[in-house]
Amino acid sequence: MNNMDANKTTRPLNARPLDKIDTLASMKLPRNIHLVPLDFYECNGVTYSIRPGFYDINGATAIPGGVNFTVHSHGATSVALVLFRSGEEEPYGEIPFPEPYKIGNMYSMIVFKLDIADFEYAYRVDGPYDPRKGLIFDRSKYLLDPYAKAVTGQREWGEKQPGAQQYKARVVRDDFDWGNFHAPLIPTEDLVIYELHVRGFTMDPSSGVSCPGTFEGLREKIPYLKELGVNAVELMPIFEFDEMQDYREKDGQKLYNYWGYSTVSFFAPNTSYSASTEHNREGNELKRLIRELNENGIEVYLDVVFNHTAEGNEQGPFFSFKGFDNNIYYLLTPDGYYYNFSGCGNTLNCNHPIVHQMILDCLRYWVTTYRIDGFRFDLASILGRNEDGSPMEKPPLLQSLAFDPILGNVKLIAEAWDAGGLYQVGSFPSWNRWAEWNGKYRDDMRCYIKGDPGATQIAAQRITGSRDIYDAHGRKDASVNFITCHDGFTMYDLFAYNDKHNERNAWDNSDGCWNNYSWNCGAEGETDDPSVNQLRERMIRNAFALLMCSRGIPMFLAGDEFCNTQFGNNNAYCQDNITSWLDWRRLEKYRDMFGFFRTMIAFRKAHRVVRTDLSGGTMGFPDVSFHGVTPWHQGDFGRDEHYLGVMFAGYERNRGSQVVYVASNAYWEPLRVTLPELPLSMHWELEVNTWEAEQHPCRFEQRSFEIGGRSVMIFVGK
């Protein structure tokens with residue numbers, strides 16, 4: 001690199017920036033634009049023609065006749081563009097940004113006659129070195145463009161050398177044809193969210209797809225998703241990440257950064273999730289997946305990780321943000337060390353104006369270029385921390401995202417806590433725009449379903465939209481209700497294990513949550529006892545029936561519908577194997593369970609009164625009422641303590657009165673229950689009974705009925 005510097009010569013520079021109007025608001029340049037080279041730069045016998053570029057187009061953008069490179073750094077003294085032949089580790093050229101090409105802290109340059117198919121690029125940035133002030137500029141490092149649209153060298157999963165990755169970027173040509181595209185724009189109250197891992201969803205051969213573990217493999221499963229009935233998929237991280245980070249081997253088992261919660265590049269899709277090589281068109285396979293999901297009435301949400309990056313702490317790698325402006329991109333202690341509210345080594349300084357703008361630019365990019373319908377923000381409470389780490393009352397970033405016009409129809413979902421102890425479920429700054437993963441719903445419903453004493457009253461609140469949490473803030477449809485997600489037990493494991501079994505993670509079972517509010521139904525793990533297995537399946541049906549009959553936005557984990565298991569592992573973040581992959585053979589084994597999930601999703605869609613308040617009630621019934629084994633009286637002692645009856649009532653102009661009664665018995669023995677009395681013109685019909693694997697709706701002539709131990713029955717007024 002030093003020899004290369006010595007051989008560089010440059011001609012006098014007298015260029016002026018291009019007129020800003022040439023950038024166009026859409027960033028789509030006209031075909032007839034005439035850009036004249038104004039300077040020349042000679043490097044190793046090659047002469048490059050250059051001129052100042054478009055300062056308000058971040059990243060590298062192909063334009064007629066060349067490529068526009070724009071990057072910024074507040075503390076840098078110089079920046080150089082480094083060019084590589086595709087697949088090579090040593091550069092073939094380096095072009096410093098001339099000083100006249102800098103406006104403020106922005107460096108922008110057009111390099112002419114670059115063939116985007118023939119090069120990759122990075123930057124070298126020079127500046128002061130004072131770690132106690134957070135300044136660690138090092139021009140010996142090749143830095144990945146923070147706005148890179150594609151990252152090279154990541155194509156093959158698991159084949160990179162651990163800890164030796166040198167990140168470079170590639171220019172992407174955005175020419176995907178969206179056709180006559182229309183976003184589904186599903187009302188929040190109508191959503192049923194299905195959380196999945198792109199690789200794990202189809203990686204096992206039992207998936208039967210032609211391109212396992214890829215966006216294309218997921219696209220092949222769209223008919224399955226439609227049959228199940230979900231209308232939104234939430235994809236675990238698909239931003240470029242390094243699966244080799246913290247790579248280890250344990251007893252011959254390869255342990256990867258499988259989940260992907262450690263971002264390398266916020267603007268680039270994970271190329272290892274594409275079935276084919278998309279040279280300079282990275283992302284087209286993902287766009288095709290999104291378009292076809294949307295065409296089939298399924299929205300697409302991304303699980304995004306803006307709370308930290310893969311650069312870690314002082315011992316972590318140095319490949320991008322540390323080299324551009326370490327003291328801006330990260331929250332630092334007064335002596336220059338990294339705050340770790342993420343539990344992953346560093347914390348992104350989200351409310352610094354530079355980082356704030358980058359996150360906003362990123363989300364806008366995914367919405368306009370990939371047509372994403374929503375975002376789930378991992379450890380979102382970090383997004384509300386100030387530069388000293390303290391929580392802010394009105395975080396500028398969260399407010400900006402709530403009111404941004406491009407994000408106006410996009411669903412915003414917060415994981416309203418972080419690893420630093422900030423827990424904001426119910427109090428996350430929302431401006432009535434943000435929804436939240438309701439961790440209290442998960443915990444309280446688990447306790448109630450397995451029969452814990454004293455859990456019934458709080459379960460009533462959770463089923464009816466957690467009004468105790470959200471009503472005080474005037475928030476509607478803010479609760480994303482879930483009993484399972486990627487982090488923790490699957491639905492099957494929730495009723496098959498009392499304890500976590502994470503030994504294969506190579507941390508001596510010390511990782512993962514200790515308190516799972518689970519119950520093994522009498523045997524730890526797999527068993528041949530038919531009574532235990534029958535009970536487990538009934539408990540799953542109970543959990544899903546109550547989830548589908550709860551106000552708020554329901555979400556469940558892919559594979560729960562056919563009893564997928566992680567063998568008791570509740571923190572399978574490193575398991576790139578059948579532990580985390582879906583075992584589609586279980587779909588045949590548990591076909592009845594799949595049918596039940598499909599039935600309950602359809603039931604929720606058919607009865608809007610379960611999903612939302614309809615005119616405050618009907619026929620003298622309030623919108624929501626709670627009942628014990630005797631109508632209008634909720635039990636509070638003995639076996640009655642475990643019984644909960646919830647009745648929803650409302651009126652729609654086109655459909656008339658709607659009444660749904662959910663009877664839930666968490667007690668281990670049958671109970672005799674009396675239904676509320678309906679008007680003479682109506683009768684009760686039993687539509688769901690979790691005591692049975694198959695559902696057979698029937699007219700119910702009597703008001704009194706027996707509900708089996710640990711079961712749920714759902715009645716509809718007809």
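All residue numbers in this chain count up from 1 along the given sequence. Heavy-atom basis, side chains included; hydrogens, waters and symmetry copies ignored. A quick note: this is a predicted structure, and the numbers were derived from the prediction, not measured.
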Q: Could you tell me whether the side chain of Asn270 and the main chain of Ile238 form a donor-acceptor pair under 3.5 Å?
A: no
Q) Is the centre of the Trp519 ring less than 6.0 Å from the centre of the Phe495 ring? A) no
Q) With a 6.0 Å cut-off on ring centres, are His197 and Trp581 close enough? A) no
Q. Which residues pass the side-chain contact (heavy atoms from CB on, under 4.5 Å) test with Ser274, sequence neighbours left out?
A. Arg155, Glu278, Glu285
Q) Are the side chains of Lys411 and Arg376 in touch, meaning some heavy atoms are under 4.5 Å apart? A) no
Q) Does CZ belonging to Arg248 count more than 12 external heavy atoms closer than 6.0 Å? A) yes
**Q.** Arg462 vs Asp468, salt bridge (Lys or Arg N to Asp or Glu O under 4.0 Å): CA-CA, chis, key distance, verdict
**A.** CA-CA 9 Å; Arg462 300 294 159 259; Asp468 58 323; 2.8 Å; yes
Q. Taking atom CG of Asn515 as the centre, does the number of heavy atoms from other residues, nucleotides or ligands within less than 6.0 Å exceed 12?
A. yes
Q. Do other residues, nucleotides or ligands put more than 12 heavy atoms under 6.0 Å from Lys254 NZ?
A. no
Q) Does Arg586 make a cation-pi contact with Tyr590 (under 6.0 Å, within 45 degrees of the axis)? A) no
Q: Please check if the distance between the ring centroids of His486 and Tyr261 is under 6.0 Å.
A: yes
Q. How would you list, by chain and number, every residue that makes a ring pair (Phe, Tyr, Trp, His ring centres under 6.0 Å) with Trp366, sequence neighbours excluded?
A. Phe239, Tyr370
**Q.** Donor-acceptor contact below 3.5 Å, side chain Asn571 vs main chain Cys513
**A.** no
(Q) So which atom in Ser479 and which in Asn438 form the shortest heavy-atom distance, rounded to 0.1 Å? (A) OG-ND2, 2.9 Å
Q. Can any side-chain N or O of Arg541 pair as donor or acceptor with the backbone N or O of Thr690 at less than 3.5 Å?
A. yes
Q: On the 0 to 90° scale, with breaks at 30° and 60°, tag the Phe241-Tyr273 ring pair as parallel, tilted or perpendicular.
A: perpendicular
Q.
I'd like to check Met548 versus Val192 (side-chain heavy atoms, cut-off strictly below 4.5 Å). Are they in contact?
A. yes
Q) Is any side-chain heavy atom of Lys440 closer than 4.5 Å to a side-chain heavy atom of Tyr423? A) yes
Q: I would like to know whether Phe482 and Tyr441 meet ring-ring contact (aromatic ring centres under 6.0 Å, His included); could you show each step before the answer?
A: CA-CA 7 Å; Phe482 67 104; Tyr441 181 97; 7.7 Å; no
Q | Nearest non-hydrogen partners of Cys549 and Met600, listed with the distance | A | SG-CE, 4.0 Å
Q: Taking the six-membered ring for Trp and the single ring otherwise, decide whether the centroids of Phe428 and Trp417 are under 6.0 Å apart.
A: no
Q: Decide yes or no on ring-ring contact (aromatic ring centres under 6.0 Å, His included) for Phe715 and Phe705, but give the supporting numbers first.
A: CA-CA 11 Å; Phe715 299 84; Phe705 66 96; 4.8 Å; yes
Q. Taking all non-hydrogen atoms of both residues, which atom of Met491 and which atom of Thr484 are closest, and how far apart?
A. N-CG2, 3.5 Å
Q.
When you measure from the side chain of Thr490 to the backbone of Asn564, do you find a donor-acceptor pair of N or O atoms at a distance under 3.5 Å?
A. yes
Q) What pairs with Asn294 under side-chain contact (heavy atoms from CB on, under 4.5 Å), at least two apart in sequence or on another chain? A) Phe181, Pro184, Ile290, Val300, Asp373
Q: Indicate, with yes or no, if the rings of Phe556 and Tyr194 have centres closer together than 6.0 Å.
A: yes
Q. Does Asn689 reach the main-chain N or O of Met713 with its side chain, forming a donor-acceptor pair under 3.5 Å?
A. no
(Q) Between Phe562 and Phe597, is the ring centroid distance below 6.0 Å? (A) no
Q. Checking salt bridge (Lys or Arg N to Asp or Glu O under 4.0 Å) against Arg551, which of Asp477, Asp623, Asp613 comes through?
A. Asp623
Q: Spell out, as yes or no, whether a donor-acceptor pair under 3.5 Å connects the side chain of Asn569 to the backbone of Ala572.
A: yes
Q) Would you say Asp418's side chain and Gly421's backbone share a donor-acceptor pair under 3.5 angstrom? A) yes
Q. Quick one: are Val660 and Phe603 in side-chain contact, heavy atoms under 4.5 Å?
A. yes
Q) With sequence neighbours left out, what residues match Glu503 under side-chain contact (heavy atoms from CB on, under 4.5 Å)? A) His501, Asn509
**Q.** Side-chain donor or acceptor of Arg446 paired with backbone N/O of Asn516 under 3.5 Å
**A.** yes
Q.
To check you understand the geometry: which heavy-atom pair defines the closest contact between Arg604 and Gly552, and what is its length?
A. NH2-O, 2.7 Å
Q: Locate the shortest heavy-atom distance separating Met593 from Glu537; write the atom from each residue and the value.
A: CE-O, 3.4 Å
Q: Tell me whether the centres of the aromatic rings in Tyr301 and Phe375 are closer together than 6.0 Å.
A: no
Q | Gln658 side chain near Leu614 side chain, heavy-atom distance below 4.5 Å | A | yes
Q. Pairs in or reaching into residues 212-224: which pass side-chain hydrogen bond (donor to acceptor under 3.5 Å, both in side chains), with residues at least two apart or in two chains?
A. Ser210-Glu220, Glu216-Arg219, Arg219-Glu292, Tyr224-Glu561
Q.
To the closest 0.5 Å, what do you measure between CG (Leu293) and CG (Leu218)?
A. 6.0 Å
Q.
Is there a side-chain contact between Asn665 and Val712 in this structure, where contact means two heavy atoms from C-beta onward sitting under 4.5 Å apart?
A. no
Q: Would you kindly check if the NZ (Lys) or CZ (Arg) of Lys718 is within the cone defined by 45 degrees around the ring axis of Trp684 and under 6.0 Å from the six-membered ring centre?
A: no
Q: Report the residues that fulfil side-chain hydrogen bond (donor to acceptor under 3.5 Å, both in side chains) with Ser430, sequence neighbours left out, ordered by chain and then residue number.
A: Arg475
**Q.** Heavy-atom check, side chain of Glu234 versus side chain of Leu196, under 4.5 Å
**A.** no
Q | Where Gly512 and Lys500 come nearest, the two heavy atoms and their spacing | A | O-CE, 3.6 Å
(Q) Between Tyr256 and Tyr247 (judged by ring centroids, cut-off 6.0 Å), do the two rings come close enough to count as a pair? (A) yes
